[in-house]
2 protein chains.
Amino acid sequence: MVEKKKTRSELKREAIIDGALNAFQQFGVADSSVDKIAELAQVSKRTVYNHFESKEVLVTEIITQECLKNNVFGQQDFDASKSIESQLTALLKQELTLLCSEHMIEMIRVAMAHLMFAPEEVRQKAQELFDQETPLRRWLKQAVEAKKLNIDDIDFAEQQIKGLLKVSAFWPQLMRHKKPLSKAKQNHLVEKTVAMFLQFYKA
Amino acid sequence: MVEKKKTRSELKREAIIDGALNAFQQFGVADSSVDKIAELAQVSKRTVYNHFESKEVLVTEIITQECLKNNVFGQQDFDASKSIESQLTALLKQELTLLCSEHMIEMIRVAMAHLMFAPEEVRQKAQELFDQETPLRRWLKQAVEAKKLNIDDIDFAEQQIKGLLKVSAFWPQLMRHKKPLSKAKQNHLVEKTVAMFLQFYKA
DNA sequence: TAAGTAAACTACACTGGGTAGTTTACTTTT
DNA sequence: AAAAGTAAACTACCCAGTGTAGTTTACTTA
């Protein structure tokens, strides 16, 4: 970290983003007034408007920024020298760790609620953020090419894996119905998922 | 249907519910003002308040009523004389039909958005509506008892099935990212799901 | 069949409170 | 001195909910 000096302006900007995030997570976007955000950020309302020309700009900037921040995974290529079990296990653990992080879940909750009734164009744009090639899909393709897996529809197979993970690790937590999975439970889930998936698709 | 005469009051009440449903689906609960609802229902605002003492009452009544309406499935017991494949297939087709209905999806979208930032107690109550024993779980239990399936954790296994179905038939549609699955695609999904599930759990 | 009645509906004005966004006058930081 | 901050007040709305006076409907009685 070379950067250490932050101008007051930058500090304020971060405070605003923090405050807004805080407000959104507590009350949702619709019920977070700019006054409320300014108060939580310990910043005057005018300052909010100096940094963001409107509430809408603030909202979309935060959501896209935070979602992008979360979406940065490392790559992991198929490695013929390792067993597919161990590779898939590692990959899913990584994916699940991300999916289970409170920060991730809260951001998606905020974004989903905001987008659920948003106009088509806004939803469209947001969707693009999520439609990137994932490490999992990339790995599956390579495993199929290496003839280690028998998959006719890779996209569908990827969806199956994600469905198996999300149904108990993500959706209930999104609705705050269940607590985030512990590491132990995450590992158990990955194990079960890998077992079922490979029993079906392994070449 | 013996009942045919409906009092004007009953007609108005239905109109209000229809209008509110309409408004909620278009704009979400938060952005549906009582004025808007009254206009859509072709009813005076005062009449809305004559039937429902507050907007909150209107909202919760509609959501719970509609969700309950959707949650009425028929039972289907395990039948030792039929193959488990055909029984599970039939069961999942039934479940999926419900899950894919536009009305169902729209109601859940409304309810989810409303509950996402609602206070704990409200969410708790809503959750109870969904935590009923499903026909699927019941059938799985019976199939295990009959030693046709090897499942150690039935709840988890049920979740797996639901995850496999919802990930492509429900969640994308909830976010209006994909259209409801056609009957043909529903059947294909059920087929794939049954195959994967039974390959893993069949005794 | 005609008049009467109670209940429900309507239009409309109004209260009280909240919100987005703007502006002003003044202060602090750079 | 310029740039960025602050508090506070102000505008122009929107919304939940109420009160009122007049109208319509469905049903009953004469």
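Numbered from 1 within each chain, the chains take letters A, B, ... in sequence-line order.
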Where along nucleotides 8-17 of chain D does protein come under 4.0 Å, by heavy atom, of base (B) or sugar-phosphate alone (S), with - for untouched nucleotides?
-------SBB
Over how many whole Å does the gap from [X] atom [atom1] to [N] atom [atom2] extend?
| X | N | atom1 | atom2 | answer |
| --- | --- | --- | --- | --- |
| A:Asn50 | D:dA2 | CG | P | 18 Å |
| A:Phe27 | C:dT19 | CZ | C1' | 15 Å |
| A:Leu11 | C:dT28 | CG | P | 18 Å |
| A:Glu10 | C:dT30 | CD | C1' | 13 Å |

Can a donor-acceptor pair be found between the side chains of A:Gln87 and A:Asp79 at a distance below 3.5 Å?
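The answer is no; no qualifying pair exists.
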When A:Phe24 is tested against each of A:Asp31, A:Val59, A:Ile63 for side chain to side chain contact (heavy atoms under 4.5 Å, CB included), which residue passes?
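Among A:Asp31, A:Val59, A:Ile63, the one meeting side chain to side chain contact (heavy atoms under 4.5 Å, CB included) with A:Phe24 is A:Val59.
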Do other residues, nucleotides or ligands put more than 12 heavy atoms under 6.0 Å from the CD atom of A:Glu53?
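Counting neighbours around CD of A:Glu53, 12 or fewer heavy atoms of other residues, nucleotides or ligands fall under 6.0 Å, so no.
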Nearest-nucleotide pick for B:Val43, side chain only, options being D:dG5, D:dT25, C:dT10:
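Comparing D:dG5, D:dT25, C:dT10 against the side chain of B:Val43, the answer is C:dT10.
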Going by atom type alone, with no hydrogens or angles, which donor-acceptor pairs under 3.5 Å involve a side-chain atom of residues 114-131 of chain A and a protein atom two or more places apart or on another chain?
unit_1, atom_1, unit_2, atom_2, d
A:Arg123, NE, A:Ala118, O, 3.0
A:Arg123, NH1, B:Arg176, O, 3.4

Using a cut-off of strictly less than 4.0 Å, decide whether A:Ser9 has a side-chain nitrogen or oxygen near OP1 or OP2 of D:dA4.
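No, outside the criterion.
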Do any side-chain nitrogens or oxygens of B:Ser44 fall under 4.0 Å of OP1 or OP2 in C:dC12?
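For C:dC12, neither OP1 nor OP2 has a side-chain N or O of B:Ser44 closer than 4.0 Å.
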Side-chain heavy atoms of A:Gln160 within contact of B:Val167, under 4.5 Å
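When only atoms from C-beta onward are counted, B:Val167 and A:Gln160 do not touch, as no gap falls below 4.5 Å.
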Go through it in stages, so that I can follow the logic: the residues are A:Glu133 and A:Lys141, the test is salt bridge (charged side-chain N to carboxylate O under 4.0 Å, His left out), and I'd like the CA-CA distance, side-chain angles, deciding distance and then a yes or no.
CA-CA 11 Å; A:Glu133 164 121 333; A:Lys141 269 185 201 162; 3.4 Å; yes
